Amino acid sequence: QVLHRSKRGWVWNQFFLHSDVDLGDGNIKYILSGEGAGTIFVIDDNTGNIHATKTLDREEQAQYTLTAQAVARDTNKPLEPPSEFIVKVQDINDNPPEFLHGPYYANVPEMSNVGTSVMQVTATDADDPTYGNSARLVYSILQGQPYFSVESQTGIIRTALPNMDREARQEYDVVIQAKDMGGHMGGLSGTTEVKITLTDVNDNPPKFPQSVYAMSVSEDRVPGEEVGRLKAKDPDLGDNGLVTYSLLDGDGMGVFELSTDSETREAVIKLKKHVDYETKRMYTLKVEGSNPHIDPRFMSWGPYKDEATIKISVEDADEPPVFVAPSYTFEVEENAPEGTVVGRVHAKDTDVANNPVRYMIPRYTDVEQFFNINSEDGLITTTRPMDRETQPWHNISVSATEIGGHHQDTKVRVNIKIKDMNDNAPEFATNNEVQLKEWWFGCVQMIETVSAVDKDEMAHRQHFTFSLAPEVAHNNNFSLKDNRDSTASIYVLRKGFSRLTQDVYFLPIEINDNGLPALSSTNTLTIRVCSCDSRDTILSCNVEPYVLPAGLSTGALIAILACIVILLAIVVLFVALRRQKKEPLIVFEEEDIRENIITYDDEGGGEEDTEAFDIATLQNPDGANGFLPRKDMKPELQCPLRPGMGHPAPNSVDVDDFIKTRIAEADCDPTAENL
């Protein structure tokens, strides 16, 4: 069985649909689905009428896609396949034009020609541009005439007046309108603001506010100080308003200089040289101010520069005295007596008052006070004789102070040269010794060349002459030859010298100069005899002791050492024996008359005084009072007295025998003291 699709019989009316299967008995129900179904669009399920529940806005959604279907009311089974249809929203002029990017800002150069484009503004309309004139826009200017205009179709803003001057008015507020419906009545419109600024061009030359400027400067001002300022005005901005200054002419061109202040752009007049009220009291300068950056379009409006005249007056000031010379140089003879005139300095007061001047030497420039100066006339004199060799130049300062006024002073340098006098005798240039070889045999030979120096200034023709001193002029050892070139040669005459005989020779040499007056001195040349070896090489020139060689053999040295050891052994043995016997080596006896000192006040009487005492008692006090044995020790050995060696009687003792007796006793008594 072939199934055939039956033809649907939809009847379309505005917001109405009906199926041809609908018999009107209420068994069919209409269903609506799709965009906005149930919210924006609703359908009557009995009749199929579609209703809009709210106002439609084309700008929000221009069309809707819906699906309608007829179903059995009792079973909801489709009686027809679903049918899709589109609902289009028809546009009306319900949206005004809008400027989405406003407000606008634009710049245009001043003095622009008429019709110069400033900028373009564009408005948009949400209505359908394809349906009627709802989106057809026309532009017009509501505010800003007669300075600017706008093209109605494009929205391009252009200048409408020539020579608009920024210096007169810089900013303009323009209002532009966009209207739909082609600008016809009933159309909707929108507006925007445009702020237009005129940019600067160099259309104005610089101008000095005054044609003549008056300035003044004091004569005591120093170079580099500012005298005054002036400025040319230029209403242009930036580089267009930049002004440079220069001096054109005037009698002050060499006295003053001009510079530009980088911050204030002012012309600064400065002092270049000292000015003097008494010499010139007025100066004139011509200054030019010009633009370095000129717009060629406005060259015909020039010239872009201006001139002004500056008159500078010099004011009087109380100035210090001025020396007639910037410095002084004098000469004075060496050794000149105290009070010798050196020279004169002179200063004057240049002011109108012409006050007197007083002079002085600052002591810090002449610490040792070599010079004096007359305070009234500036005459410089010496205070003592000068020595050129100590100080050839003296550099001092002289101060001049005006009397009256502000007591200002000024100083000048004075250089004093000490002229040389021949007051120093010549002397050897060096003090080297001459070394002469010992036992030299040969002919006459030169051993040294001597020269001289002089502390005085050596003139171009000055020279020295040499000769031996008169006391050695005819010696047989050495001779001298003057070379006539301020040197002399020393020759040896003998064939041999011996250091043992004489090792040093002193040769006095007389040196003369040819100064005025001529001076001479005697200088001694030391000639030392030196020892040599077989090769004639100098070994020593110093004094050496001559000793005979001591050739001791090894056996002799051993014998000497053995003797020394034996002697030491004997000494040690002797000391040990004495300690064993416990006897002191030396006995000190308080009662020993030899250790007593007897003093008395009687004056000696010579030979007559011998009768006043017993000489025997003094020689042997024990014999006078009887024999007193020693108590500090007991002698172990007593030597018998020699025959005839008993104690002599008083007044008859022999001194020689007494001494011999004591010596014999000492030999027997080890404890006795030696005489």
Side-chain angles (χ1 to χ4, degrees), residues 1-102 122-139 152-155 177-192:
Q1 181 180 357
V2 179
L3 297 178
H4 296 278
R5 180 180 180 183
S6 60
K7 181 180 180 181
R8 291 176 296 178
W10 292 99
V11 178
W12 285 96
N13 290 318
Q14 187 173 6
F15 291 97
F16 169 81
L17 58 89
H18 184 74
S19 175
D20 56 359
V21 296
D22 186 3
L23 301 178
D25 55 5
N27 292 325
I28 297 178
K29 183 174 66 175
Y30 294 95
I31 299 173
L32 185 66
S33 63
E35 294 178 331
T39 56
I40 299 176
F41 302 99
V42 294
I43 190 171
D44 188 343
D45 58 354
N46 292 318
T47 62
N49 293 332
I50 299 175
H51 302 276
T53 62
K54 63 178 181 179
T55 303
L56 300 180
D57 188 358
R58 190 200 68 83
E59 286 71 36
E60 291 184 3
Q61 189 166 346
Q63 62 183 20
Y64 297 87
T65 302
L66 298 172
T67 301
Q69 189 174 20
V71 298
R73 185 176 294 276
D74 52 354
T75 61
N76 285 331
K77 290 183 178 181
L79 301 177
E80 291 281 348
S83 178
E84 183 181 274
F85 61 93
I86 296 174
V87 178
K88 290 185 177 181
V89 181
Q90 185 177 352
D91 185 43
I92 63 173
N93 188 20
D94 60 345
N95 292 283
E98 291 182 356
F99 292 92
L100 300 180
H101 303 289
T122 303
T124 60
D125 195 322
D127 293 328
D128 189 359
T130 63
Y131 181 78
N133 294 325
S134 298
R136 182 185 176 190
L137 304 180
V138 174
Y139 298 94
S152 61
Q153 301 299 322
T154 62
Q177 174 184 268
K179 190 175 183 181
D180 58 13
M181 299 300 292
H184 293 96
M185 187 178 295
L188 302 178
S189 65
T191 60
T192 187

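Along the sequence shown, residues carry numbers from 1. Not measured: the values here are computed from a predicted model.
Smallest separation of non-hydrogen atoms from P78 and V71: CA-CG1, 3.7 Å. Here the shortest heavy-atom pairing between A123 and Y139 reads N-OH, 2.9 Å. Between G190 and F99, the shortest heavy-atom contact is O-CE1, 3.3 Å. Nearest heavy atom pair, residue L79 against residue A72, reads CG-N, 3.7 Å. Across all their heavy atoms, A126 and N95 have their closest contact at CB-CG, 3.8 Å.
Here L100 contributes atom CG and T192 contributes atom OG1; the two are 10.0 Å apart, rounded to the nearest 0.5 Å. Rounded to the nearest 0.5 angstrom, L137 CG and T124 OG1 are separated by 8.0 Å. Atom CG of D45 sits about 8.0 Å away from atom OG1 of T47, to the nearest 0.5 Å. Atom CD of E84 is separated from atom OG of S33 by 9.0 Å, given to the nearest 0.5 angstrom. Here the NE2-CD1 distance, from H51 to I43, works out to 9.0 Å after rounding to the nearest 0.5 Å. Between the CD1 atom in I86 and the OG1 atom in T65 there is a gap of 4.5 Å [rounded to 0.5 Å].
Side chain of T67 to main chain of S83: no donor-acceptor pair is present (N/O by atom type, distance under 3.5 Å, no hydrogens or angles). The backbone N or O of I50 lies less than 3.5 Å from no partner atom in the side chain of Y30, so there is not a single donor-acceptor pair. Side-chain N or O atoms of Q69 include one that pairs as donor or acceptor with a backbone N or O of E80 at under 3.5 Å. A donor-acceptor distance shorter than 3.5 angstrom exists from the side chain of R73 to the backbone of I28, with no hydrogens or angles considered.
Ring-plane geometry between Y64 and F41 is classed as perpendicular, the angle between the planes exceeding 60 degrees on a 0 to 90 degree scale with a lower cut at 30.
Each of N46, N76, D74 was checked for a side chain to side chain donor-acceptor pair (under 3.5 Å) with K29, and the lone residue meeting it is N76.
The shortest distance between side-chain heavy atoms of L188 and P97 falls below 4.5 Å. Counting only heavy atoms from C-beta outward, the side chains of H101 and T122 never approach each other to under 4.5 Å. Using a 4.5 Å heavy-atom cutoff, the side chains of T39 and K54 are not in contact. For the pair E35/V87, no side-chain contact is recorded, criterion being any heavy-atom separation below 4.5 Å from C-beta on. With a 4.5 Å cut-off on side-chain heavy atoms, D94 and D127 count as touching.
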